[in-house]
Participant: 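Once you've had a glance at the structure underneath, I'll fire off some questions.
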Amino acid sequence: EAQVTQNPRYLITVTGKKLTVTCSQNMNHEYMSWYRQDPGLGLRQIYYSMNVEVTDKGDVPEGYKVSRKEKRNFPLILESPSPNQTSLYFCASSLSLKQGNGYTFGSGTRLTVV
Amino acid sequence: QKEVEQNSGPLSVPEGAIASLNCTYSDRGSQSFFWYRQYSGKSPELIMFIYSNGDKEDGRFTAQLNKASQYVSLLIRDSQPSDSATYLCAVKGERSGGYQKVTFGIGTKLQVIP
């Protein structure tokens with residue numbers, strides 16, 4: 001089944017404790033992206049990657065890191081999480097940037113930082 | 001100024017009626033337009049895309065695009081209670097440096113009343 005797999009689904013952590021949210025897609029998609037979704041703010045892009053070893057900042061990159069060492073994986077790293085990073089996170093992938101190619105989203109990770 | 005505007009709703013329609021969801025965007029160079037459906041607690045799911053002026057129909061869904069007015073809409077005919085969800089408008093901008101930014105609206109919550 002074609003899918004984007006995120007783990008974990010739920011995570012409660014303490015301020016300052018490094019964490020990684022994993023994302024893997026099995027569709028050979030070039031383009032991957034991380035979003036956070038907050039009430040009243042919608043989906044905001046954190047980082048994106050156009051291919052292996054090619055990553056760039058989105059609209060809200062502060063406090064996050066990413067890497068793209070393999071085409072299928074795009075982990076999101078919070079080196080020192082803070083309470084304002086409490087949010088619902090989605091990984092998404094797209095075949096390419098051509099017209100009509102929308103995103104396939106992962107099932108989401110609800111992160112709480114206390 | 002928000003780049004993609006949607007009324008957050010809720011928009012309530014009776015079962016069997018036509019639901020009309022609207023979205024405006026600010027970037028005149030935008031090239032592709034998407035509608036995603038997001039059920040509560042779930043990830044967004046692509047339901048329609050359009051890139052030419054006019055209408056595009058897929059089953060009970062019709063996407064309408066008017067680039068001159070910078071306006072895109074989604075019509076849902078014969079609305080069913082299972083259509084109750086939040087509908088996200090997403091706009092893909094012009095290609096810049098090999099990248100096309102995708103910007104999401106905050107979504108319109110649709111409630112279909114039995």
Side-chain angles (χ1 to χ4, degrees), chain A residues 2-7 9-10 21 23 25 27 29-61 68 87-110, chain B residues 2-10 23 25 27 29-53 56 58 61 63 65 67 72 74 85-109:
Chain A
Q3 60 185 0
V4 178
T5 303
Q6 272 182 250
N7 281 297
R9 289 293 308 276
Y10 302 93
V21 184
C23 174
Q25 51 92 6
M27 297 167 282
H29 283 177
E30 288 183 359
Y31 188 78
M32 298 185 75
S33 187
W34 276 102
Y35 285 88
R36 59 179 288 174
Q37 188 174 39
D38 301 289
L41 297 176
L43 282 163
R44 293 180 292 166
Q45 190 178 51
I46 303 170
Y47 268 94
Y48 65 92
S49 170
M50 291 193 287
N51 216 321
V52 176
E53 303 291 2
V54 181
T55 64
D56 208 346
K57 298 176 180 178
D59 296 317
V60 288
R68 187 96 180 268
S87 187
L88 178 59
Y89 291 86
F90 288 105
C91 180
S93 72
S94 178
L95 180 61
S96 72
L97 296 177
K98 291 181 180 177
Q99 277 185 344
N101 284 323
Y103 280 128
T104 300
F105 281 86
S107 50
T109 296
R110 187 166 291 281
Chain B
K2 288 195 174 182
E3 296 176 26
V4 179
E5 297 248 20
Q6 290 183 263
N7 189 321
S8 61
C23 171
Y25 60 94
D27 180 3
S30 298
Q31 298 188 344
S32 303
F33 307 85
F34 303 83
W35 285 98
Y36 290 83
R37 177 177 61 200
Q38 186 176 22
Y39 291 114
S40 181
K42 301 294 186 181
S43 57
E45 170 194 15
L46 179 65
I47 54 172
M48 290 285 287
F49 75 89
I50 186 168
Y51 54 84
S52 299
N53 275 329
K56 179 181 179 182
D58 184 2
F61 298 98
L65 175 61
K67 287 187 176 180
V72 58
L74 179 70
T86 296
Y87 290 80
L88 307 176
C89 173
V91 176
K92 187 181 283 188
E94 285 183 288
R95 187 178 286 264
S96 174
Y99 170 61
Q100 282 179 291
K101 182 178 180 180
V102 177
T103 302
F104 286 83
I106 62 171
T108 298
K109 186 173 183 177

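All chains are named by letter (A, B, ...) in the order of the sequence lines, taking the proteins before the strands, and each is independently numbered beginning at 1. Keep in mind it's a predicted model, so treat the numbers as computed, not measured. FYI, side chains are in, hydrogens and waters are out, and symmetry mates aren't considered; it's all heavy atoms of this structure.
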Participant: Check this for me: A:R44, atom CZ, are more than 12 non-hydrogen atoms of other residues, nucleotides or ligands nearer than 6.0 Å?
Facilitator: yes
Participant: Locate the shortest heavy-atom distance separating B:K92 from A:N101; write the atom from each residue and the value.
Facilitator: NZ-O, 3.2 Å
Participant: Which atoms of B:Y36 are under 4.5 Å from chain A, going by heavy atoms: the side chain, the backbone, both sets, or neither?
Facilitator: side chain
Participant: Side-chain contact test, heavy atoms from C-beta onward, threshold under 4.5 Å: evaluate it for B:V102 versus A:Y35 and give yes or no.
Facilitator: yes
Participant: Quick one: what part of B:I50 sits under 4.5 Å from any heavy atom of chain A, side chain, backbone, both or neither?
Facilitator: neither
Participant: Under 4.5 Å from any heavy atom of chain B, what part of A:D56 do you find: side chain, backbone, both or neither?
Facilitator: neither
Participant: Kindly give the heavy-atom pair with the smallest separation between A:L43 and B:P44, and that separation in Å.
Facilitator: CD1-CG, 4.2 Å
Participant: Give a yes or no on whether the backbone of A:G108 and the side-chain of B:S43 come within a donor-acceptor separation of less than 3.5 Å.
Facilitator: no
Participant: Give the ring-plane orientation class for B:F104 versus A:Y103, where under 30° counts as parallel, over 60° as perpendicular and anything between as tilted.
Facilitator: parallel
Participant: When rounded to the nearest 0.5 angstrom, what distance separates CD in A:Q37 from CG in B:L88?
Facilitator: 6.5 Å
Participant: What pair of heavy atoms forms the shortest contact from B:K42 to A:F90, and how long is it?
Facilitator: O-CZ, 3.8 Å
